[in-house]
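All chains are named by letter (A, B, ...) in the order of the sequence lines, taking the proteins before the strands, and each is independently numbered beginning at 1.
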Amino acid sequence: MGGRQRIVIAKPGLDGHDRGAKIVARALRDGGHEVIYTGLRRTPSQIVRTIMDEDARFVGLSSLSGAHSHLFPKICELLREAGLDDVVVFGGGIIPEEDRQELFDAGVKAIFGPGTTSSEILEFVEEASSRDCGVGSDDDWHWGV
Amino acid sequence: MDRIKLSRQLSAIENGESSAEYGEGPIVAITGPPGIGKSCLIDKILYELTPELVVGVLAVDPTSPVSGGALLGDRIRFNVLDDANKAESIYIRSIATRSSGGSIPSIVNDLASHLLANDFDLVIIETVGAGQSEMRCAAVADRIIVVEGPARGDSIQAEKAGLLELADLIVVNKSDLEGSEKVFNELTISLSLSPDPPRIMRTSAIDGTGISDVAKLILTLEQRASSIRAKSRQKLLMAHENKIVSNPNFESILDRISQEGLSIPEALRELND
């Protein structure tokens, strides 16, 4: 299943830097996807509610404040609790290399740092769309392996 | 409310994979130019109406004619969702215009009916802020609220034909700003010449002026007799447009127009066959 996806781009936690999130949102829009932007400073449960109401199949989490190791796994957990097992989670921002495996283990399928091209993010969406790799699946594949 | 089930049903209806259930109830379109405060006004109305009523909001934003993608950003304004008690009785869904060419897609009416069939008390449609061309919202909603505001040009704007003639209620928002009273007066004078002028109210999403009055009125708003024919016209036009756009050859005929010089009258003849 390729084609147009509904994608939530979210800013969890107390981080006011949204330039990156807006650029990614714009790149996904230009790639033919429907992007729902949540705005700044959302809680994990608000983000999950948005994904639910909007019937999004992807969520991109942006964090530049260092709270990713707490917030990203929390959102993955809430998605599974809500029964949104087929939602694909990816993240970006300032995420140190040594923190990434833990996030992959929690269910995040890609981490995009500074320097990522928009075409790489679009390729990820296309690849992930063709796999059953939602946050509740057993597939331990992640982007960049 | 089973949100996951509901939102998957709405996707299936939007994608043409299943048909909507039909429920009765008020479907109100809120329209007006970009930046006039439609989302903020709806946010404040939701504070008034919930949690007593279950309200659905369908927020329409344009699809890019180039990429087919869309950036849907209306949710940002809905602060009412921060109140967990109220958020439980609110469902907000962002809708891209997709193939309807930037105007409101007809499927929005099916989505609204489906919500009403699933125990919603009211559905509010927030349209693309496209000003005078946004008459099409008349085809998907049975009541129309037009939002206006100060600093929107000179007094001749109030005399122009168009959306204002379809309005069942006109709200002059940003009443806290200078010039709002002048706009209110100009609209009142202009519309007083019509046989059944719509009500005009002033609101401010900042200081709360008029919000509770609009919220009360929204459930009982009457359709103006003089707007019914104009609304029927929009419905007919939309149905005709759908017929053309849903023709399986539509895209290939577009290609032939742009690349092979197929003339518009010939293209129309083929599409209507």
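Residues that satisfy the side-chain contact (heavy atoms from CB on, under 4.5 Å) test with A:D138, not counting sequence neighbours, are absent from this structure. Not counting sequence neighbours, the partners of B:L177 by the side-chain contact (heavy atoms from CB on, under 4.5 Å) test are B:P150, B:K174. Under the side-chain contact (heavy atoms from CB on, under 4.5 Å) criterion, B:E88 pairs with A:R49, sequence neighbours left out.
In this structure, CZ in A:R57 is found 7.5 Å from OG in B:S11, a value given to the nearest 0.5 Å.
For B:A87, the parts lying under 4.5 angstrom from a heavy atom of chain A are both the backbone and the side chain. Of the two parts of A:E34, the backbone and the side chain both hold a non-hydrogen atom closer than 4.5 Å to a non-hydrogen atom of chain B. Proximity to chain B involves both the backbone and the side chain of A:T50, based on heavy atoms less than 4.5 angstrom apart.
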**OP:** Check step by step if side chain to side chain contact (heavy atoms under 4.5 Å, CB included) holds for A:D53 and B:R93.
**Re:** CA-CA 6 Å; A:D53 282 8; B:R93 175 71 172 238; 5.8 Å; no
Original post:
So A:D86 and B:R8, salt bridge (Lys or Arg N to Asp or Glu O under 4.0 Å) or not? Walk me through it.
Top reply: CA-CA 12 Å; A:D86 54 355; B:R8 300 217 160 153; 3.2 Å; yes
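Of residues 88-103 of chain A, not one residue has a non-hydrogen atom less than 4.5 Å from any non-hydrogen atom of chain B.
Checking A:D30, A:I9, A:V35 one by one against B:L71, the side-chain contact (heavy atoms from CB on, under 4.5 Å) holds for a single residue, A:V35.
Counting heavy atoms from C-beta on, the side chains of B:D82 and A:R42 come closer than 4.5 Å.
Scanning both residues, B:L81 and A:Q46, for their nearest heavy atoms gives O-NE2, 4.4 Å.
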